[in-house]
Amino acid sequence: MNKEVRVRFAPSPTGGLHLGGVRTVLYNYLFAKKLGGKFIVRIEDTDQSRFVPGAEEYIFDTLEWCGLIPDESVRHGGAYGPYRQSERKASYRPYAEQLVASGHAYYAFDTPEELEKMRQEFKTADNPSPQYDHTLRMQMHNSLTLSAEETAALLAAGTRHVIRIRMPEKETVSFTDMIRGQVSFDTSLVDDKVLLKADGMPTYHLAVVVDDYAMRISHAFRGEEWLPSAPVHILLWKYLFGMEQMPQWAHFPLILGPSGKLSKRDGAKYGFPVFAMNWTDPKSGEFTEGFREKGFLPEAFINLLALLGWNEGTEQEIYSLEELVQKFSMERVHSAGAKFDYEKAKWFNHEWIKQSGAGRLEAGVRNLLTENGLTVSDDKMLEKVIELVKDRCTLLPDFVQQAGFFFRRPEQFDIAAIKPKWNEAKQLFFAELIRNYELHPDWEAHTLENNFKEIAAANELKPGELMLPLRIMLVGGKFGPGVFEIAALLGKQETLKRMEICLGMMNNE
RNA sequence: GGCCCGUUCGUCUAAGGGCUAGGACACCACCCUUUCACGGUGGUGAUACGGGUUCGAAUCCCGUACGGGCUACCA
């Protein structure tokens, strides 16, 4: 009795995937996995003029980075292919013709110029965007206004034409949205949408219904921007396949930027990533920054997206993908749009870095260090360094500053930070400290600290005033973890070397 | 303009008729730490407005305002 749960994400390969897109994928995925269903990716490339090379690959790379692996797709195969609409082109026309035959659609021969003329002609202050609808269709160039013979002749001559749905008048179309409850529309107010374009390709409206049927989609989820065209889709289901076959719908709230629906431009404008991964438009050359390159962990990215519009009802905020699958439910998706908050996004990443083991972070950190000209030769060392500094890193690139000095002697020392309080007594203290450390047997943080404090006490100096200078000597600046931990990890030779270099600089100044 | 959706701290949200409106981010203060963080404690801060329904409303209904989306042979 229960249909198998099958959901689909149906992106148009026109560019990178932004926050909202990935969240739509995520909710689809979570819903499917929670119910033991299938997650399908279908490429909606019915608009050939908007084809962008590389966009499809980008989409799949993003899904892989996020760990949201489709069960069926162009890449992953499946029994309901092909999963690219351009390759299903032949399947759409018959349905459109069927609708014409049953009186629910008609041929329209209006040229783009004629349409433009109509819009200008009927445009008024009260009606700034005239629609091709029941009020106007009898004034247009279509099979409703032409005789059957004229229409047949035009068709036989291969005249360019589209097929439009004939929206009924004065009907109320309603459906139950899983998030919003019942939503109703008056069909008199909906226009006669094009179903089949002049190039023989379907529009989204026809394709989504035909393919959702063909692929046995049980639940159809998409962004709220699709809500206004829902009545068209509902009617197509009714005319073509029957309402009992129709999937259940849910329209996700939009993710808003600082001003309205989040756009890729908002990123550059307000200084945060909008796409999942870096993307450069091959035509315009426009670059849009991605969360991955910005230094986000996919776990954090998924986590923050999940909580942008959904919550379990508890105070938990950190969830792994597995946990999300277990706890997600469509009923708890919020109905109002959510404004994206980059500060909170960073907090999620910081939390994930803190709770990740060095092993999880190692590869990424190593790449970052290498990219910055730092060589990691000792894996054990890298592991310890990561554990030591990860609490201080919000984004992955923070590791370059926080961990870099372990792998390369600083080129600059922030001498200005200690110079004003420098004096003979401190000079002597460090000379003695070096002598002491040279003879130091075990080189462990706590004994280094003990010796440091003993010598300070013997010279009647406050340890606190000596720790910053030591830090500058080892790190180069006022940052990093505990200074004796650093010395311990750096090793005796390198620690003494850095102290001597710095002390020399102090003398020469 | 029309249609649709929405409205709890600045932001993400909890509370699905009974109350000191809870949590998180951010911010502020203090503690810890003589770096910076982490951590800990505390604080500022919200039910858009007006009507109903009810013993009682953030919660249900209506209106207003405001916000957003759609209004292509784009998705």
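Naming: A, B, ... by sequence-line order, numbering from 1 per chain.
Note on Glu224(A): a base of the nucleic acid sits closer than 4.0 angstrom, heavy atoms only. Heavy atoms of Ser184(A) sit under 4.0 angstrom from primed sugar atoms or phosphate atoms, though from no base atom. Counting non-hydrogen atoms under 4.0 angstrom, Gly482(A) reaches a base of the nucleic acid. Residue His251(A) is out of contact with every strand shown, counting any heavy-atom pair closer than 4.0 Å. Nucleic acid contact for His350(A): sugar-phosphate only, since backbone atoms but no base atoms lie under 4.0 Å from a heavy atom of the residue. Among the protein residues, Thr46(A) comes within range of the sugar-phosphate backbone only, with heavy atoms under 4.0 Å from sugar or phosphate atoms but none that close to a base. No engagement by Arg160(A) is indicated, since no non-hydrogen atom pair under 4.0 Å with the nucleic acid exists. Nucleic acid contact for Leu304(A): none, since no nucleic acid atom lies under 4.0 Å from a heavy atom of the residue. Residue Ala198(A) is classed as a base contact, given a heavy-atom separation below 4.0 Å to a base. Contact annotation for Val183(A): backbone-only contact, meaning every heavy-atom pair under 4.0 Å involves sugar-phosphate atoms and none involves a base. Residue Lys354(A) is classed as a sugar-phosphate contact, given heavy-atom separations below 4.0 Å to backbone atoms only. Phe185(A) comes within 4.0 angstrom of the backbone, heavy atoms only, and of no base. Note on Pro253(A): nothing from the nucleic acid sits closer than 4.0 angstrom, heavy atoms only. Pro11(A) comes within contact range of no nucleotide atom at all, as no heavy-atom separation falls under 4.0 Å.
Using a distance-only test at 3.5 Å, with no hydrogens or angles considered, no donor-acceptor pair links the side chain of Asn372(A) to the main chain of Leu369(A).
Across all strands shown, the partner of rC60(B) is rG52(B), judged by Watson-Crick or G-U wobble contacts whose two distances both fall under 3.5 Å. With both pairing distances under 3.5 Å, rA46(B) is matched to nothing as a Watson-Crick or G-U wobble pair. With a cut-off of 3.5 Å on both pairing distances, the Watson-Crick or G-U wobble partner of rC66(B) is rG6(B). Across all strands shown, rC36(B) forms no Watson-Crick or G-U wobble pair with both distances under 3.5 Å. Across all strands shown, rU41(B) is found opposite rA29(B) as a Watson-Crick or G-U wobble partner, with both distances under 3.5 Å. Pairing partner, rG1(B): rU71(B), with both Watson-Crick or wobble hydrogen-bond distances short of 3.5 Å. As the counterpart of rU11(B), rA24(B) is assigned, both hydrogen-bonding distances of the Watson-Crick or G-U wobble pattern falling under 3.5 Å.
Each of rG6(B), rU11(B), rU13(B) was ranked by its minimum atom distance to the side chain of Ala338(A); first place goes to rU13(B). The nucleotide whose nearest atom lies closest to any side-chain atom of Pro228(A) is, among rC74(B), rG69(B), rA14(B), rG69(B). For Arg180(A), the side-chain atoms get nearest to rC5(B) when compared with the rest of rC5(B), rG68(B), rU7(B). Out of rU71(B), rG69(B), rG1(B), the shortest distance to the side chain of Lys193(A) is found at rU71(B). Checking rA24(B), rA75(B), rU35(B) against the side-chain heavy atoms of Trp226(A) singles out rA75(B) as nearest. Distances were taken from every side-chain heavy atom of Arg332(A) (C-beta onward) to each of rA15(B), rG39(B), rA75(B); the shortest belongs to rA15(B). Closest approach to the Glu317(A) side chain among rG23(B), rC74(B), rG1(B) is made by rG23(B) (side chain taken as heavy atoms from C-beta onward). Here rC12(B) is the nucleotide among rC12(B), rC4(B), rC3(B) with the atom lying nearest to any side-chain atom of Leu308(A). Candidate nucleotides rC70(B), rA15(B), rG6(B) were compared by shortest atom distance to the side chain of Ser335(A), and rG6(B) ranks first. Comparing rG1(B), rU13(B), rC74(B) against the side chain of Lys197(A) picks out rC74(B) as the nearest.
Note on His205(A): every side-chain N or O is 4.0 Å or more away from OP1 and OP2 of rC74(B). In this structure, Asn311(A) does not reach the rU13(B) phosphate: none of its side-chain N or O atoms is under 4.0 Å from OP1 or OP2. At rA37(B), none of the side-chain N or O atoms of Lys390(A) fall inside 4.0 Å of OP1 or OP2 (strictly under the cut-off). Checking the phosphate oxygens (OP1, OP2) of rA72(B), no side-chain nitrogen or oxygen of Thr203(A) falls inside 4.0 Å. The side chain of Arg119(A) places an N or O atom within less than 4.0 Å of a non-bridging phosphate oxygen (OP1 or OP2) of rC73(B). Distances shorter than 4.0 Å separate some side-chain N or O of Arg164(A) from OP1 or OP2 on rC73(B). In this model, the phosphate group of rA72(B) is not approached by any side-chain N or O of Arg50(A) to a distance below 4.0 Å at OP1 or OP2.
Side-chain polar atoms of Tyr83(A) and Asp211(A) form no donor-acceptor pair below 3.5 angstrom. In this structure, a donor-acceptor pair under 3.5 Å is present between the side chains of Ser49(A) and Asp47(A).
The CZ atom of Phe340(A) sits 16 Å away from the C1' atom of rU13(B) (whole-angstrom rounding).
Note on Lys344(A) versus Glu317(A): salt bridge recorded, some NZ/NE/NH1/NH2 to OD/OE distance being below 4.0 Å. Looking at Arg409(A) and Glu494(A), a side-chain N of the basic residue comes within less than 4.0 Å of a carboxylate O on the acidic one, giving a salt bridge. Note on Glu351(A) versus Lys354(A): salt bridge recorded, some NZ/NE/NH1/NH2 to OD/OE distance being below 4.0 Å.
Closest-nucleotide positions on RNA chain B for Gly337(A) and Leu115(A) were compared, and the one nearer the 5' end corresponds to Gly337(A). A residue-by-residue look at Glu315(A) and Gly309(A) shows that Gly309(A) has its nearest nucleotide of RNA chain B further toward the 5' end.
Ring-plane geometry between His219(A) and Phe221(A) is classed as tilted, the angle between the planes lying from 30 to 60 degrees on a 0 to 90 degree scale. The aromatic rings of His161(A) and Phe109(A) sit tilted, their planes meeting at an angle between 30° and 60°.
When the P atom is used for both rC70(B) and rA75(B), the distance is 14 Å, rounded to whole Å.
One donor-acceptor pair, N or O on each side, does fall under 3.5 Å between the base of rC36(B) and the side chain of Arg392(A). Scanning atom types as modelled, one donor and one acceptor separated by under 3.5 angstrom connect the side chain of Lys344(A) and the base of rA24(B).
Side-chain contact between Trp249(A) and Arg222(A): present, with at least one pair of heavy atoms (C-beta onward) separated by less than 4.5 Å.
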